[in-house]
Structure formats: structure tokens, C-alpha cells
Amino acid sequence: MPLSAPLFSPSSPNAPDLPLLHGLNPEQLAAVTLPQGHALILAGAGSGKTRVLTTRIAWLLHMGYASPGGIMAVTFTNKAAKEMQTRLSALLPISLRGMWMGTFHGLCNRLLRAHHQAAGLPATFQILDMQDQLSAIKRLCKAFNVDTERYPPKQLGWFFASCKEDGLRPKDVPTHDPDTRKKVELYQLYEDQCQREGVVDFAELLLRSYELLRDHPALRQHYQQRFRYLLVDEFQDTNKLQYQWLKLLAGEMEDGRIVGTSSVLAVGDDDQSIYAFRGARVGNMQDFLREFAVPHQIKLERNYRSHGNILDCANALIENNSQRLGKNLTTDQGAGEPVRIHEAPTDLDEARWLVEEIQALTKNDGFPRQEIALLYRSNAQSRVLESRLFNAGIPYRVYGGLRFFERAEIKHALAYLRLLENPQDDTSFLRVVNFPARGIGARSIEALQEEARQTGCSLLDATTLVSGAAGAKLRSFHALIDVMREAVAGQSLRHTIEHVLHASGLQEHYRADKEGQERLENLDELINAAESFVLQEGFGKDAIALPLDETASAAPAALTQSPASQGIDPRLPLLNQPLAGTDADTGETLSPLQAFLVHAALEAGDNQAQAGQDAVQLMTVHASKGLEFDAVFIVGLEEGLFPHENALSDKGGLEEERRLMYVAITRARQRLYLSHAQSRMLHGRTSFNLPSRFLDELPSACVKHLSARGFGSFSPKKEAASAYSTRFSNTFNSENIIKSADTALASKNTGSITKGQTVFHAKFGEGRVLAIEGVGDDARAQVNFPRHGSKWLALAIAKLTVVE
DNA sequence: ACTCGACGACGTTGT
DNA sequence: GTCGTCGAGT
């Protein structure tokens with residue numbers, strides 16, 4: 001559908017000369033001061049999107065168009081939510097209590113906590129992260145003798161999640177084949193299990209709160225009237241369910257259109273949609289325009305981040321995508337330096353080159369280390385980079401490894417805490433019933449699970465049903481939990497955790513373990529995390545007090561005025577309570593411990609709290625979204641890797657890879673390096689890959705090919721090995737390439753060195769030639785040295801002499 | 001009941 | 001190369 005909505009004129013009387021608005025460009029100003037009504041902001045990378053969002057909120061509040069309680073702002077990541085919070089607090093000196101700002105999952109959790117009864121959940125319901133979910137599914141499979149060869153738990157989890165993201169309960173899933181029927185059957189069993197244990201997974205948070213709003217008109221209308229302004233960040237990443245959820249909050253549907261008094265401001269960039277694999281639906285942007293009859297649409301195309309050459313590369317690249325709303329970024333910063341492209345013989349050489357460039361950047365050009373980012377397509381690539389950086393003594397920080405709350409010792413501690421809150425939580429029970437070891441083995445657990453299944457009760461409750469010595473041990477564990485619960489009743493969060501760490505024996509266990517030092521420190525860190533969480537959330541102070549704005553008073557009033565609430569259904573438990581008290585703020589009805597457990601589940605935490613350290617930043621391209629750096633390296637730009645081979649099967653997949661590349665490029669402010677290797681260790685074997693097609697899509701005027709250090713002049717032509725690789729798919733094992741390279745080189749190979757010979761190297765000594773590839777100056781030999789392992793050596797550089 | 005070693009399968013992106 | 005599972009040994 002054409003995007004022809006008129007621009008709102010910024011010169012309206014709605015936009016007085018406020019300091020708040022200073023420095024905004026005309027489009028930003030227009031977006032910030034939009035009148036009532038829905039709007040779509042197409043915000044290009046680096047166009048000041050977050051600034052627009054926060055200033056918009058500040059402006060609404062400042063002008064009195066809304067109170068904090070009338071605003072809901074949704075983001076995808078906790079990082080973005082926090083950032084918004086911080087910036088907003090800097091703009092406005094008022095309390096933002098009552099404003100709903102957070103991630104989709106966070107807000108859904110908030111909704112479900114406030115109305116847990118209506119949602120059919122216990123007040124103490126716990127949230128399953130991916131690990132928990134997987135172990136829950138595995139347990140389910142075991143209990144029902146599922147063939148996990150045919151139905152791998154991981155795949156089942158993915159199936160359940162995608163059903164939920166489409167808003168489908170088991171009964172709604174169409175089953176045309178026996179395979180799907182089986183999976184749906186398991187889906188139902190999984191749901192039953194979760195319900196029985198009082199736990200919800202990530203997708204369930206969304207689906208459950210969607211259903212809550214859908215099935216309770218009075219409640220829905222209450223929130224519809226409360227939230228006059230809904231702001232959604234990264235709208236292109238919303239999935240079907242999130243969009244439906246938003247629609248319910250925005251107003252009632254009539255004739256395919258939304259009617260209501262709220263204004264939805266969706267901010268997004270279709271070119272940065274990189275989460276289709278997990279259900280994101282860019283089509284939501286078009287649907288939004290249509291179903292909300294969006295009157296205002298603004299494009300933010302001025303980029304304040306990157307130099308011209310970088311931006312030109314990004315623009316040219318993304319032009320190759322067909323499904324676009326259309327957008328072109330501009331800058332007035334000047335062209336800057338060319339984008340540098342480097343080709344390395346191997347992934348190891350790539351890493352070596354990278355280290356040298358980084359050293360030059362920091363030493364000669366004065367780039368701070370934390371302003372340098374290394375981006376890669378998949379996590380596995382970080383290893384080589386890390387080891388080279390480590391050897392070179394360059395401090396670095398890897399994002400996206402095991403995060404704090406995902407560490408085993410932390411999960412153990414949390415499992416105890418969760419059991420105190422929710423004794424039904426079998427996942428937590430199983431995690432810690434024998435950790436530290438209590439002599440409760442697999443057989444005892446099996447017996448226990450059998451009893452629990454027959455009785456339909458939780459594992460903890462079933463401990464009373466098991467006979468014999470095993471039963472006694474199980475009951476003493478039960479007693480341990482009960483004693484802990486009593487001991488921490490009414491205690492502060494800090495004391496609670498300290499007590500649990502001690503009484504559970506966790507601390508002692510790690511203290512006895514000589515490898516457990518780091519884990520002990522992490523447990524201490526958990527206490528610190530809890531402490532700062534309590535301070536941040538302000539528990540114990542004015543936690544109960546509601547802001548004295550219209551929220552507290554107007555919301556119930558609005559409810560009584562609304563026609564639909566005249567005949568309140570008395571069966572709805574929530575409506576028998578004063579709404580202002582229940583709906584208002586999270587945490588209000590939550591104990592500090594409960595809130596902390598939610599916090600731990602919803603934000604797995606940064607993986608390393610070493611922020612502020614002067615370290616090079618390593619992360620996947622996905623993780624880099626929303627960040628920016630002075631200098632960016634994008635490595636591993638090879639066919640099959642980036643674009644990833646799994647994404648090449650369909651066109652949509654390739655376009656998403658291209659958007660991913662677009663995101664990566666637009667992270668750079670001043671300097672951008674792109675590199676690829678002719679061969680790399682992948683999945684434990686050497687593979688030979690063509691340079692990524694994305695490199696060919698960049699305008700040659702903006703790029704500069706660096707000559708390979710020590711390998712003679714750079715040759716833009718495909719190498720012999722690479723040329724052959726096109727005939728055998730993109731990656732194949734080294735045996736194939738050796739064969740083909742051998743044939744290719746039979747006549748062309750200049751040197752006298754051939755495969756199988758023993759050669760001598762000044763540094764490495766004698767070694768056997770495993771393979772030869774390349775021609776002329778680029779010819780290389782893979783030589784296996786007894787003491788140094790196998791190495792690729794350039795024949796033009798390394799002085800190899802044939803031994804016999 | 002627990003620990004350890006061998007073995008095989010499996011390798012994107014993540015709230 | 002890593003992870004999880006399985007079997008044997010203590």
C-alpha cells in the first residue's frame with residue numbers, strides 16, 4: 001500500500017518554543033509534536049529515533065496532554081527500556097511512577113500479576129526461561145515416552161512457541177497430518193504441565209495476557225481508557241500476537257478498523273527487521289497503516305551517526321531488497337574515509353590482521369577501545385578472535401555469552417528461592433533436590449515422579465508418598481525447604497538470599513570445590529544484584545503510594561462511565577476489588593522476592609558487569625542492533641556464513657540476511673572494516689568460501705581494498721579454490737577441495753612443491769605437505785609440522801625447501 | 001549413588 | 001571444537 005499520508009506541519013501552534021524541542025530537525029519536531037491520532041514513524045538507523053520517542057513523551061507530559069499513568073511505552077529489549085527511562089528522567093524532573101514503560105514481556109507480566117486470578121494463574125507464578133522450558137519439555141517427553149529422535153525437545157519448544165505467537169491454543173491448531181497431531185497432543189500436555197506447576201514460558205506471557213484482555217471486556221476497556229498514548233519502539237520486530245495485543249489495548253475493532261480514543265505511535269524501520277526467524281512480522285507495519293487508518297506518517301532519513309561513505313554503502317546494499325517501504329539515509333558529515341575491505345587466507349590470518357588494525361587504531365589514531373566493535377554473524381566465530389586478542393593482550397568484552405542469571409550456580413540459587421515462593425514448581429524442584437548432593441538419585445526421583453503423576457500433585461507434595469529410605473531423604477528435603485521458608489518469612493531480600501545460600505548448602509558446596517571460587521563470587525554477586533534491585537525499585541519506601549495524578553482517580557471513574565461496565569460481571573474477581581489498587585504498578589502487590597525472581601527471569605542480565613572498562617566489544621550482528629561505535633569490523637563476510645547458508649533457501653531469508661548486513665554497516669560512525677577469509681575452520685573442518693555477495697553490492701567508489709599483508713598484491717579475481725567451490729555447494733570438506741585444487745594446479749603451480757612431500761621451514765622445521773592451493777603469488781601450502789601442527793604458508797613468503 | 005571417560009550428534013540469530 | 005548421553009568403575 002502506498003505511503004502517502006501527509007506530513008504534519010511542525011509550524012503549528014502545538015509546537016511552542018520549548019527548550020525541550022531545541023535541536024530537533026523538522027521531521028523529528030513534527031514527530032514529537034504530532035497531534036492526537038495514530039502515527040507511523042519510519043526511523044532510519046541513526047536518525048535519532050530514541051530521542052524522538054523520549055522527547056515525545058516528555059512533550060506530552062509537559063503540555064499536559066497526558067499524565068504518566070496515561071502513557072504506555074513498549075520496547076523489545078530491557079536495554080532500550082532502560083535507556084528510555086534514563087533519558088526521560090533527564091528531560092523531565094517529575095516522577096514517572098504510573099507510566100508503563102518496558103518490554104512486551106515485562107508489561108505482560110505486569111498485567112498478569114495484577115490480574116492473575118482472571119488470567120487463571122496463581123499469584124506466585126514463575127517464568128520459565130529457555131533452559132527451564134527445555135528441561136520441562138524433556139521431562140514431559142520422558143513421562144509420556146515420547147520418541148525424542150522423532151520429536152526433539154528443542155524442536156517441540158520451537159513448535160509450541162510459534163503456535164503461541166500465532167495466538168493458537170492446542171485446540172486451534174489445524175492438524176492435517178499425524179505428525180502435527182502428535183505435536184499438538186504434546187503441546188496440550190505441555191500446557192497442562194505448566195498450568196499444574198504454575199509456570200509460564202515467554203510466549204505464554206504474551207498469549208495469556210492477550211487472552212486476558214480479549215476475554216474480559218470491562219478490564220480491556222479500563223486499560224483502553226487509561227492508556228491514551230501508546231508508543232511502540234522497533235515496531236518492525238513485533239510478531240502477530242504482539243500486534244493483536246496492541247490492538248486490544250488501542251481500542252475496539254469495528255469493520256476492520258480500530259476505533260478508540262487512544263493514539264498509537266509506532267516507530268520502526270523495515271530495513272532493520274532481523275527477527276523474522278522468531279516470529280517478527282514486518283507486515284504489521286502495513287497492517288497498522290490500514291487497520292488504524294493511520295493519518296500521520298513521518299520518515300526520519302537524516303542520519304547523525306555515520307560518515308558518507310559508510311551510509312552510501314548501507315543505502316546501496318539495501319537497495320537490493322525488493323520488499324521495502326523505501327527510505328534513503330543522508331548525512332551532512334561528509335564522505336569520510338573509504339570503507340576498508342580485507343581478504344585473508346584463513347580465519348586465523350583474519351584474526352591476526354584484525355589485531356594489528358586494532359592496535360593501530362588505538363595507538364596511532366587514538367580510538368578508545370570501547371569504541372571499537374567486532375561484529376560477526378554467529379557466536380561460534382568469536383573463539384578465534386578472542387584467542388588472538390587474548391594473546392595480543394588487548395582487553396575485550398564478549399556480549400551474548402552465558403549471562404549472569406543463566407549461570408548454573410545462580411540458577412540453583414534461584415531455584416531454591418522459587419521453591420519457597422511456589423512449591424508447585426517442579427522444574428526448580430528437580431534442579432536442586434539433589435544439589436548439593438543429598439544421596440537422592442535417579443531411581444528415587446523416578447519413584448517420586450510416578451507418585452506425583454498418579455496423585456496429580458507436585459513433586460514436593462509427593463515426597464510424603466514415597467516409602468523406604470528414599471522417601472525419608474525426600475521428606476528431609478521437603479522439610480529443608482519448609483524450614484527455609486519459615487526462616488526467611490518477613491526478612492529482607494538480602495537476608496533471604498544469604499540464608500538460602502547457606503541453609504541449602506550451596507555455599508558450602510562451592511567452598512569445598514577448588515574450582516568453585518568463581519561460582520562463590522557469583523553467588524556473592526547475586527546478593528549484590530538483589531541489593532541494588534531493591535534500592536532501584538524502591539521497595540519498602542513509597543512502594544504502595546500511587547501518584548497523585550489522574551490515573552488513580554480518573555481510571556475507575558472512566559470505568560464506571562463506560563457502557564460496557566454497567567453490568568459488571570461479579571464473577572470477575574478483579575472487578576470486585578478497587579481497580580486503582582490492582583492495576584497500577586508492578587511491585588505493588590509483589591513481595592521483593594517475587595519481584596526479584598521476575599527480574600531474574602525477564603532480564604537475564606548483562607553477561608559481564610565490566611561496563612566502563614576500556615575493552616574492545618565483541619558481539620553478533622543481532623546483538624549490535626541499537627548500538628553505535630566509532631570503528632566497526634564486520635568479519636567472516638563469506639557466502640554460507642554471511643549470508644548464512646541456512647537462510648539462502650528462500651528469498652525472504654536472503655533479504656533478512658541483507659538487512660542484517662545493513663544493520664551491521666550502520667553501526668559504524670567513522671570507520672568500517674569488512675573482512676573475509678578464503679578458508680576457515682567451520683564445524684571442525686576446513687571450508688572454503690567465496691566472498692560474500694554483499695561485498696559486491698557496495699559501490700566501488702566508497703570502498704578500498706586493502707592489500708593483503710605479506711601476500712603480494714591483492715587480486716580481485718576469484719582464486720582457483722574459490723572458483724571451484726561454486727561447483728560444489730558453498731562449503732564442503734577439505735578433502736574435496738584438495739582434490740580439485742590439485743587438479744587445477746597441476747599445470748599452473750609455479751613452485752616445485754607438491755602434495756605429500758616433506759619440506760623444511762626455518763622456524764617450524766620439517767613438515768609434510770597436506771595440500772596446495774592458489775596460483776602465483778597467492779599459492780599456499782598446508783604443511784603439517786610435528787611440533788607446531790598444520791599451517792597454511794604462502795609459498796611467496798615462506799621459504800620452504802624440499803627435503804628429499 | 002556418584003564420577004569419569006568415551007562416544008556420537010550437532011552445530012544461526014535471542015526476548 | 002563442544003555438548004549431552006551412556007556405560008563402566010568406585
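Side chains are part of it too, since the values below use all heavy atoms of this structure and drop only hydrogens, waters and symmetry mates. Since the structure is predicted, the reported quantities are computational estimates derived from the model, not experimental observations.
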*Can you name the side chain to side chain donor-acceptor pair (under 3.5 Å) partners of A/Q272, sequence neighbours left out?*
A/D269, A/R667
*Specify the separation, in whole Å, of atom CD1 of A/I440 and atom P of B/dC2.*
9 Å
*Send over the distance from A/R281 CZ to B/dT15 C1', rounded to a whole Å.*
19 Å
*So which one's nearest nucleotide on DNA chain B is more toward 5', A/A442 or A/E165?*
A/A442
*For nucleotides 4-13 of chain B, read 5' to 3', which letter fits each nucleotide if B means a protein heavy atom sits under 4.0 Å from the base, S means only the sugar-phosphate is that close, and - means neither?*
-------BBB
*Nearest-Å distance, NZ (A/K240) to P (B/dT15)?*
24 Å
*Can you name the residues that form a side chain to side chain donor-acceptor pair (under 3.5 Å) with A/N379, not counting sequence neighbours?*
none
*What is the distance, rounded to the nearest whole Å, between atom CG of A/L128 and atom C1' of B/dT15?*
14 Å
Check residues 147-157 of chain A and write down every donor-acceptor pair under 3.5 Å in which the side-chain atom is one partner and the other belongs to a residue at least two apart or another chain.
unit_1 : atom_1 : unit_2 : atom_2 : d
A/D147 : OD1    : A/E149 : N      : 3.0
A/R150 : NH2    : A/D179 : OD1    : 3.4
A/Y151 : OH     : A/D179 : OD1    : 3.1

_So, using ring-ring contact (aromatic ring centres under 6.0 Å, His included) as the criterion, who are the partners of A/F144 when residues are at least two apart?_
none
_Nearest whole Å is fine: how far is B/dA1 P from A/R443 CZ?_
8 Å
*Has A/F277 got more than 12 heavy atoms of other residues, nucleotides or ligands less than 6.0 Å from its CZ?*
yes
*Whole-Å distance between B/dT15 P and A/M130 CE?*
10 Å
*Is A/D129 touching bases, backbone alone, or none of the nucleic acid, heavy atoms closer than 4.0 Å?*
nothing
*Taking atom C1' in both B/dT13 and C/dG4, compute the distance separating them and give it to the nearest angstrom.*
23 Å
*Lys NZ or Arg CZ of A/R407 over A/F404 ring: under 6.0 Å, within 45°*: no
*Is the NZ atom of A/K411 crowded by more than 12 outside heavy atoms at less than 6.0 Å?*
yes
_Can you give me the dot-bracket string for DNA chain B, 5' to 3', counting Watson-Crick and G-U wobble pairs with both distances under 3.5 Å, using [ ] for crossing pairs and | for partners on another strand?_
||||||||||.....
*Output all residues satisfying ring-ring contact (aromatic ring centres under 6.0 Å, His included) with A/Y662, sequence neighbours left out; order by chain, then residue number.*
none
*Provide the full list of salt bridge (Lys or Arg N to Asp or Glu O under 4.0 Å) pairs with a residue in residues 619-628 of chain A, sequence neighbours left out, each pair given once.*
A/E234-A/K625, A/D237-A/K625, A/R305-A/E628, A/E628-A/R669
*Return the value, rounded to whole Å, for the distance between atom NZ of A/K473 and atom C1' of B/dC2.*
12 Å
*asked:* Work out how far the C1' atom of B/dT12 is from that of C/dT5, and round it to whole angstrom.
replied: 24 Å
*Sequence-distant partners of A/F629, ring-ring contact (aromatic ring centres under 6.0 Å, His included), two or more places apart*: none
*asked:* What is the distance, to the nearest angstrom, from the CD atom on A/Q133 to the C1' atom on B/dT15?
replied: 12 Å
*Determine the contact category for A/F202: base if any of its heavy atoms lies under 4.0 Å from a base atom, sugar-phosphate if only primed atoms, P, OP1 or OP2 are that close, otherwise nothing.*
base
_Set of ring-ring contact (aromatic ring centres under 6.0 Å, His included) partners for A/Y510, sequence neighbours left out_ = none
*For every nucleotide of nucleotides 2-7 of chain C, 5' to 3': is a protein heavy atom under 4.0 Å from its base (B), only from its sugar-phosphate (S), or from neither (-)?*
S-----
For residues 428-444 of chain A, tabulate all N or O donor-acceptor pairs below 3.5 Å that involve a side-chain atom, not counting sequence neighbours.
unit_1 : atom_1 : unit_2 : atom_2 : d
A/S428 : OG     : A/R418 : NE     : 3.4
A/S428 : OG     : A/D425 : OD1    : 3.4
A/S428 : OG     : A/D425 : OD2    : 2.9
A/N434 : OD1    : A/R438 : N      : 2.6
A/N434 : OD1    : A/G439 : N      : 3.3
A/N434 : OD1    : A/I440 : N      : 3.2
A/N434 : ND2    : A/I440 : O      : 2.8
A/R438 : NH1    : A/Y416 : OH     : 3.2
A/R438 : NH1    : A/V432 : O      : 2.8
A/R438 : NH1    : A/V433 : O      : 3.0
A/R438 : NH2    : A/Y416 : OH     : 2.6
A/R438 : NH2    : A/S504 : O      : 3.1

